[in-house]
Amino acid sequence: MKSVAGRVIRAFKDSVAIEKPRIYAEITFDRKLLLDVILLMIGGTATALQGVVNGALSDYTSPGFPPWLSFAVGSVLLVVFFLIDTRGGKAINWRNSAKTCPWWAWLGGIPGAAFVVIITLMMPIRGPAFVYSIYICAKMVTSLIVDSFGLFGAKHRPATIPRLVGFLIMTAGVLMVSLDK
């Protein structure tokens, strides 16, 4: 049986690969990739606007009201999407999902709620550029760790030198945006 230290070292070696940059064969520029990029840009714009709007609303109401309203309105829209996507819930084998799905997969709303509350609280104090630059940096650190170790069922993508250099460049940009007075 391997020691804990041995397993940690092995996991680290598996997660950080030193290799030449390469073009991944599965990534080609096509219409689907273009649509994915457009949808992700819309999602990024939506989250940026959500924080600003919630922050402004908190100035007129209370810090707790905008996150609640955000989830209430979002829940209505998501119920409609869910019903269309699953044909009224019939496309899901609920019994099998309850038995086979990892326990932590059912808790995805907790980080989402934390995000909305924290962004709502920080936006009026720090402003969008500061808040989102720190947010993006934290998101990238977490994503790099999740990718590197294949956590939560994510596809394992080692932290290659080009990815680490890109992260460092992005971190420098975040510091320039967030620390400039």
Chemist: Just wondering, do Y132 and R126 contact through their side chains at under 4.5 Å, heavy atoms?
Modeler: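 Side chain of R126 against side chain of Y132, heavy atoms only: no contact under 4.5 Å found.
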Chemist: Looking at W106 and S97, what are the two nearest heavy atoms and their distance?
Modeler: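 Between these two residues, the closest heavy atoms are CZ2-O, 3.7 Å.
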Chemist: Would you say L77 and F81 are hydrophobically clustered, going by side-chain heavy atoms of ILVMFWY under 4.5 Å?
Modeler: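 Result: no, two separate clusters.
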Chemist: Under a 4.5 Å cut-off applied to non-hydrogen side-chain atoms, are M140 and T171 in contact?
Modeler: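 No, their side chains stay 4.5 Å or more apart.
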Chemist: For the residue pair P63 and T120, what are the closest heavy atoms and their distance?
Modeler: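 Taking P63 first and T120 second, the nearest heavy atoms are O-CG2, 3.9 Å.
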Chemist: NZ of K90 to CG of L83: how many Å apart, nearest 0.5 Å?
Modeler: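 Nearest 0.5 Å value for the NZ-CG distance: 10.5 Å.
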Chemist: Are L168 and V141 co-members of a hydrophobic cluster defined by side-chain heavy atoms under 4.5 Å apart?
Modeler: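 Yes.
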Chemist: Identify, with sequence neighbours excluded, every residue that meets salt bridge (Lys or Arg N to Asp or Glu O under 4.0 Å) alongside D59.
Modeler: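 Partners of D59 by the salt bridge (Lys or Arg N to Asp or Glu O under 4.0 Å) criterion come out as none, since no residue qualifies.
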Chemist: Among all residues two or more places apart in sequence or in another chain, which pass the ring pair (Phe, Tyr, Trp, His ring centres under 6.0 Å) test with F65?
Modeler: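 So F65 forms a ring pair (Phe, Tyr, Trp, His ring centres under 6.0 Å) with W68.
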Chemist: Applying side-chain contact (heavy atoms from CB on, under 4.5 Å), run through L144 and R163 and close with a yes or a no.
Modeler: CA-CA 8 Å; L144 193 60; R163 291 178 82 201; 4.0 Å; yes
Chemist: What pairs meet the ring pair (Phe, Tyr, Trp, His ring centres under 6.0 Å) rule with one or both residues in residues 107-131, with sequence neighbours excluded?
Modeler: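 The answer is F115-Y135.
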Chemist: Count I, L, V, M, F, W, Y as connected when their side-chain heavy atoms are under 4.5 Å apart, and connections chain through other members. Are V53 and I119 then in the same cluster?
Modeler: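 In one cluster: no.
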Chemist: Is any side-chain heavy atom of L121 less than 4.5 Å from a side-chain heavy atom of I125?
Modeler: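 Sidechains of I125 and L121: no contact.
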Chemist: How many angstroms lie between CD1 in I38 and CD1 in I42, if you round to the nearest 0.5 Å?
Modeler: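 One finds 7.0 Å between CD1 of I38 and CD1 of I42.
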Chemist: Hey, quick one: are I110 and L151 part of the same hydrophobic cluster, counting side-chain heavy atoms closer than 4.5 Å, chains of contacts allowed?
Modeler: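 Looking at the clustering, L151 is in the same group as I110.
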Chemist: Please report the closest heavy-atom contact between P111 and L107, naming both atoms and the distance.
Modeler: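 Looking at all heavy atoms of both residues, the shortest contact is CD-O, 3.3 Å.
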Chemist: Would I92 and W103 show up in the same hydrophobic cluster when neighbours are defined by side-chain heavy atoms closer than 4.5 Å?
Modeler: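 No, it is not one cluster - the side chains of I92 and W103 are not joined through contacts under 4.5 Å.
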Chemist: Locate the shortest heavy-atom distance separating F71 from S75; write the atom from each residue and the value.
Modeler: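 Residues F71 and S75, closest heavy atoms: O-OG, 2.6 Å.
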Chemist: Heavy atoms only: give me the nearest P66-S58 pair and the separation to one decimal.
Modeler: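 Smallest interatomic distance, heavy atoms only, reads CG-N, 3.5 Å.
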Chemist: Of the non-hydrogen atoms in M170 and C137, which two are nearest, and what is the gap between them?
Modeler: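 Answer, listing the atom of M170 first, then C137: CE-CA, 3.9 Å.
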Chemist: Keeping H156 on the side-chain end and D147 on the backbone end, is there a donor-acceptor pair under 3.5 Å?
Modeler: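 Between the backbone of D147 and the side chain of H156 there is no qualifying donor-acceptor contact (under 3.5 Å).
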Chemist: Determine whether N54 and V116 satisfy the following criterion, side-chain contact (heavy atoms from CB on, under 4.5 Å), listing intermediate values before the conclusion.
Modeler: CA-CA 8 Å; N54 283 353; V116 173; 3.7 Å; yes
